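Worksheet for the structure shown next.
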Amino acid sequence: MTQPFYEQHDPRFLGCVVPYSPMEEIATGCRWTEGPVWFADHGCLLFSDIPNERILRWTPGAGVSVFRQPSGFANGHTRDRQGRLVTCEHGGRRVTRTEADGTVTVLADSWDGRRLNSPNDVVVKSDGSVWFTDPTYGILSDYEGYRAEPEQAARHVFRLDPVSGALAPVVSDFVQPNGLCFSPDESLLYIAESGASHDPAVPPVIRRFRVTDRGGLSGGEVFATIDCGLPDGIRCDMAGNLWSSAGDGVHVFAPDGALLGKIRVPQRVANLTFGGPRRNRLFIAATSSVYLVYVAATGAQVP
Ligand code: MG
């Protein structure tokens, strides 16, 4: 256990964190951790170690074990409303769903007759629609996938319709769309722009969209700018605060966009999720490790 540095920028930050809560490194020895997802019904966390092509499982008291290897360079995860694991895979350039019996169903691997780039992160709305980002990180080199030329003309954010199964882009003007999450009432969708990873001219911002009745998006204004590194995975808590990965830790923003504070983490953060029986434990995927810290907030995502 170590004591993280809670960097307060706004008094409201004290409603989000427990300032004396220590940070525990629950996993290490990975190359690039990503895609943490909590399974309340199994009492465990799954997360990706992308370059090592594995999905690991952490169980309190039992530690880390292998859930799936090879994982197809799995990256982001979520669960649908039936509790099934939904996975972005760089290797197969696809989004899959793991059924209750363990078989894997492909949800999406192409659009407009061309292969996807490398799906990165995914969320499922309460109506069953699957929303995911498709940047090129998994095909840029052989480190997190297989090097290849993009077939898509843009790096889209896609929506998979739950009734028709049709896939359609909902946003196409990101340089590299990455993490995404809905506000607690699902009226807003936040999407992280991580294009600064390869082009410093791209602002490291999180944009906010309104979700329309027909399943589209409007707006898209800049909600927040990350002042250290860039945003990758993001999550909302029940109060509507947005928790973002960043170069120096986790940044917490109020619904009005104000930076409330930071939880400083020893390594660069790629993603995070809430978990535990009361969804008040924050799991932080940070480079070679996963950290756990108890917070005062409650995660918004269900299940
Ligand atoms: Mg990501």
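Scope of the values below: all heavy atoms of this structure, side chains included, with no hydrogens, waters or symmetry mates. All values reported here derive from a predicted model rather than from experimental measurement. Note that the numbering runs from 1 along the sequence shown for the chain. One-based numbering, in listed order, for ligands and for the atoms of each.
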Legend entry - Heteroatom test (N, O or S) for N120 near the Mg ion (ligand 1), limit 2.8 Å: yes

Inset, instruction - With the Mg ion (ligand 1) at the centre, find the angle made by OD1 from D232 and OD1 from N178, to 10°. - result: 70°

Inset, instruction - For the pair E144 and R31, find out whether any cationic side-chain nitrogen is under 4.0 Å from an anionic carboxylate oxygen. - result: no

Legend entry - E34 atom (N/O/S) at minimal separation from the Mg ion (ligand 1): OE2

Inset, instruction - Give a yes-or-no answer on whether the side chains of S289 and Q267 include a donor-acceptor pair shorter than 3.5 Å. - result: yes

Inset, instruction - State yes or no: are the ring centers of F47 and F283 separated by less than 6.0 Å? - result: no

Inset, instruction - Give the minimum heavy-atom separation between N117 and R93, together with the two atoms involved. - result: O-NE, 3.1 Å

